[in-house]
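Whatever order the structure lists them in is the order used to number ligands and atoms, beginning at 1. Index from 1, following the sequence. All values derive from a computational prediction rather than experimental measurement.
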Amino acid sequence: MNRRKVAILGSTGSIGTQALSVIDAHSDKFDVVALAAGSNTRKLLRQANKFDVPMVSVASDNSTDPIKDQMEYKGEVLSGADGLCACASESGADIVLIATTGQAGFAPTVSAIRSGIDIALASKELLVMGGSIIIGMANDNDVSVFPVDSEHSAIWQCMHGEVIEDVHRVILTASGGPFRQYSIEQLRDVSPGEALRHPNWDMGPKISIDSATLMNKAIEVIEAHWLFGVPFENIDVVIHPQSIVHSFVNFKDGSIKAQLGEPDMRVPIAYALSYPDRLDASSKLVDFGQLIIDHDITFERPDADRFPLLDIGIRAGRKGGNLPATLCGADDAAVELFLSGLISYSEIAKLIRATIDQTAFTPLNSLDQITDWYVAGYESAKELTKDGW
Ligand code: MG
């Protein structure tokens, strides 16, 4: 493949860090032209110097001084939403990896799409909350949105050389999280520490909790709907605790394709950055037979009683409009409240359901409305816990 210029937004987070490790291992194939982070300026600076990056951006203007004071960094230091957008569309990038958290990714994603720059999308919320608008905009500008999530990368790889008309069903796998075998009674007493311990993937705290509740899988179903144009009723979820099969596509002739591999986010990250080529990662090659033997691969149906957020989330996605943004806001609030010990584990689902139930459907006309609905969901959920919760 030709050398590719990459901008990474969210470079100090889990995905950003792993993306840089992929790039480090293939430094003959990539140039890092911009890095953006939240407040971890020390790590950002280390990354920028190591990869000789000409442009960096931090969330707040207050954080730029420590970087500017560091004489060893000679590049451009930006901040805020403008800085993120500049990293996305003015850094000369061929591809922008969006791995920011929360709403921050909307503006630079739009900015990159309008400039005709391809997107590698790791921030799920963007498609969940604004899928119709973002995908419509990408199509209009002839921009590709490549998935980074392992399940969507799997579906994407299975779809290679296929047409969507031939797809009968898409089946996303889910590890089932750390509480797959817990009873409803046991789930009541789960602590934040236990919920943060994901069995197979090394991830940040929010997504670890979302994986435990299966909210993450509901979000991924919505994401799959927008990425591949598959109707909701044709997307299934199957629990597969070993995380070896990353997803399946079932075609109309009865054939099923799957993508398999060790759980390692660097594989889907590398594929999104190098597509349609594959990068050489001989150190990671596995003995397929041994992989299957070692992992005793199993599948089971998700239990809606113990993991109610799967259905609650998918239903909000199907209804669309303002509800997915409300869902994301309520989920962020609920996870925050849980992590700070203010609500119990089983109250996460209860709180999100109550927030969605009290929100009337409203169609979405622009991306600007998304933040309002997200904030409304976040605040309504917090409000609900105040009186008589
Ligand atoms: Mg995933």
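Per residue Glu151, closest N, O or S atom to the Mg ion (ligand 1): atom name OE1. Taking the Mg ion (ligand 1) as reference, the nearest N/O/S atom within Glu220 carries the name OE2. As for Asp149, its N/O/S atom nearest the Mg ion (ligand 1) is the one called OD1.
Rounding to the nearest 0.5 Å places CZ of Phe251 at 12.0 Å from NE2 of His168.
The 12-atom threshold is not exceeded at CG of Asp142, counting heavy atoms of other residues, nucleotides or ligands nearer than 6.0 Å.
Between Pro241 and Thr298 the shortest side-chain heavy-atom distance falls below 4.5 Å.
Between Asp31 and Lys5 there is no salt bridge, since none of the side-chain N atoms of the basic residue sits less than 4.0 Å from a carboxylate O of the acidic one.
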